[in-house]
Amino acid sequence: MPIALRPFGATGVTVPAVGMGTWQTFDVRGGAAERHARSIVDAAMDAGATFFDSSPMYGEAERVLGLALEGRRDQALVATKIWTASAREGRIQADRALAFFGRRIDLYQVHNLVAWREQLDMLDELKAEGHVGLIGATHYRAAAFGELRRVIETGRVDAIQIPYNPLERDVERDILPLAADRGLGVVVMRPFAEGALTRRSPPASALEPLAPFGVRTWAQALIKWILSDPRCHVAIPATSRPERMTENAEAGQPPWFDREARELVARLARGQV
Ligand SMILES: NC(=O)c1ccc[n+]([C@@H]2O[C@H](COP(=O)([O-])OP(=O)(O)OC[C@H]3O[C@@H](n4cnc5c(N)ncnc54)[C@H](OP(=O)(O)O)[C@@H]3O)[C@@H](O)[C@H]2O)c1
């Protein structure tokens, strides 16, 4: 079954349920490493996981992702970020990113809400010029969710990117309800809590009740746990292994978990077998 395509909130854009992050995994240099990065993107594209997230904070990642998309940029959705307190440096980051990605960023986000008012001004201009599709804001820490709420309430963003996994559920309180109410697109970072959740997998027997949902592996259970919340639209696991990209993408297909299956995954994530 192909990966599910979902409305990205009320933005009018459709996204694949699974995409890919590039933090650490795409911060590489040199021919062999860049070819390997391309092979991860090959696996993502083959599976229909065509949404790619990056940032100038991730070292070489934007450049390497741009190279990996050469010849097929129009088949991908690129989400990247501005990450600086300086308006001037923001312009420089945007010029660089637009050069990497064929003069178009599908979702341009303010990373960690840094200087968000100023950076949103610039992103509004780039959107008016047709270089940017949608505008977003991201933060990875629950302590910043009050400010994220204020950003959402300005009505200036189309989408947010937040952490959500069975061990990091703070967004359930205010952020996901508000995002759904406002029709925002929701990108989910850190689906494996930076790998903390995948380093140890429950025994295969514990995953058996999830087989009717098409889940073969623990990583797939975690991704499907996220995507079974209809307020979340695209999960962006990062991996340095093409075969894991294929595995992760398989979780982007219905049937979605019911409440019982979701609770089972949450218990397993807490180590309760
Ligand atoms: N805006 C922000 O503040 C912010 C912050 C953090 C992250 N992000 C975005 O969100 C993306 C994802 O978050 P993340 O990179 O922090 O962590 P993550 O996706 O939760 O976890 C990545 C880790 O999971 C492992 N992994 C991936 N697929 C696996 C599989 N099928 N089985 C077992 N292990 C697997 C990877 O190892 P291998 O490489 O060995 O597969 C890697 O160590 C980032 O890349 C970035 O684009 C944004």
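Quick note: numbers below take in every heavy atom, side chains included, and nothing from hydrogens, waters or symmetry partners. Atoms within each ligand, like the ligands themselves, are counted from 1 in listed order.
Taking every heavy atom of Asp53 and a limit of under 4.0 angstrom, the matching atoms of ligand 1 come to 9 (C), 46 (C), 47 (O). Annotation for ligand 1: atoms under 4.0 Å from non-hydrogen atoms of Pro191 are 19 (O), 20 (O). For ligand 1, the atoms sitting less than 4.0 Å from at least one non-hydrogen atom of Ala193 are 20 (O), numbered in the order shown with element in parentheses. Near Lys81, the atoms of ligand 1 lying under 4.0 angstrom from a non-hydrogen atom of the residue are 1 (N). For ligand 1, the atoms sitting less than 4.0 Å from at least one non-hydrogen atom of Thr22 are 45 (O), 47 (O), numbered in the order shown with element in parentheses. When each atom of ligand 1 is checked for a heavy atom of Gln161 under 4.0 Å away, the hits are 1 (N), 8 (N), 9 (C), 48 (C). Annotation for ligand 1: atoms under 4.0 Å from non-hydrogen atoms of His111 are 1 (N), 2 (C), 3 (O). Ligand 1 places these atoms under 4.0 Å from at least one heavy atom of Glu247: 31 (N).
Inspection of the Gln220 and Glu250 side chains reveals an N or O donor paired with an N or O acceptor under 3.5 Å. Using modelled atom types and a 3.5 Å distance limit, the side chains of Gln161 and Tyr140 yield no donor-acceptor pair. Residues Tyr58 and Lys81 bring a donor and an acceptor atom of their side chains to less than 3.5 Å of each other. Between the side chains of Glu62 and Thr80, at least one donor N or O sits under 3.5 Å from an acceptor N or O.
Cluster annotation: Val132 and Trp116 are assigned to the same hydrophobic cluster (Ile/Leu/Val/Met/Phe/Trp/Tyr, side-chain heavy-atom contacts under 4.5 Å, transitive).
For atom 2 (C) of ligand 1, the nearest non-hydrogen atom from the set Arg241, Glu194, Met189 comes from Met189. Among Trp218, Phe26, Phe52, Tyr58, the residue whose heavy atom lies closest to atom 46 (C) of ligand 1 is Tyr58.
In terms of polar-atom proximity, Pro237 is not counted as a contact of ligand 1, lacking any N or O under 3.5 Å from an N or O of the ligand. Between Ser240 and ligand 1, a contact under 3.5 Å exists for at least one N or O pair.
Of all protein heavy atoms, the one closest to atom 20 (O) of ligand 1 is Phe192 N, 2.7 Å. Summary of contacts: the protein heavy atom closest to atom 42 (C) of ligand 1 is Ala238 O, 3.9 Å. Nearest protein heavy-atom contact of atom 11 (C) of ligand 1 is Ile236 O, 3.3 Å. Residue, atom and distance of the protein heavy atom nearest to atom 37 (O) of ligand 1 are Arg244 NH1, 3.7 Å. For atom 13 (O) of ligand 1, the closest non-hydrogen atom of the protein is Arg190 N, 3.2 Å. For atom 14 (P) of ligand 1, the closest non-hydrogen atom on the protein side is Trp23 CE3, 4.0 Å. With respect to atom 3 (O) of ligand 1, the closest heavy atom belonging to the protein is Asn112 OD1, 3.1 Å. Protein heavy atom in closest approach to atom 21 (O) of ligand 1: Gly195 N, 3.3 Å.
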Q: Begin from the C-alpha positions of Asp121 and Arg156 and carry the test salt bridge (Lys or Arg N to Asp or Glu O under 4.0 Å) through to its verdict.
A: CA-CA 10 Å; Asp121 289 344; Arg156 296 185 68 183; 2.8 Å; yes
Q. Passes side chain to side chain contact (heavy atoms under 4.5 Å, CB included), Arg262 versus Lys224? Steps please.
A. CA-CA 9 Å; Arg262 241 174 150 248; Lys224 196 159 268 200; over 6 Å; no
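If you look at Trp225 and Phe213, their ring centroids are not closer than 6.0 Å.
Between the side chain of Arg73 and the main chain of Arg104, a donor-acceptor pair closer than 3.5 Å is present.
The shell of residues lying under 4.0 angstrom from ligand 1, judged by heavy atoms, excludes Met57.
Using a 4.0 Å cut-off between charged side-chain N and carboxylate O, Arg72 and Asp42 make a salt bridge. A salt bridge does not link Glu153 with Arg150: every distance from a Lys NZ or Arg NE/NH1/NH2 to an Asp or Glu carboxylate oxygen is 4.0 Å or more. Using a 4.0 Å cut-off between charged nitrogen and carboxylate oxygen, Arg190 and Glu168 count as a salt-bridge pair. Salt-bridge annotation for Arg29 and Glu34: absent, with no side-chain N of the basic residue lying under 4.0 Å from a carboxylate O of the acidic one.
With a 4.0 Å heavy-atom cut-off, ligand 1 is reached by no atom of Gln24. At a heavy-atom distance under 4.0 Å, atoms from both the backbone and the side chain of Thr239 approach ligand 1. At a heavy-atom distance under 4.0 Å, only side-chain atoms of Asn248, from C-beta outward, approach ligand 1.
One finds the CD1 atom of Ile82 at 9.0 Å from the CZ atom of Arg91 (value rounded to the nearest 0.5 Å).
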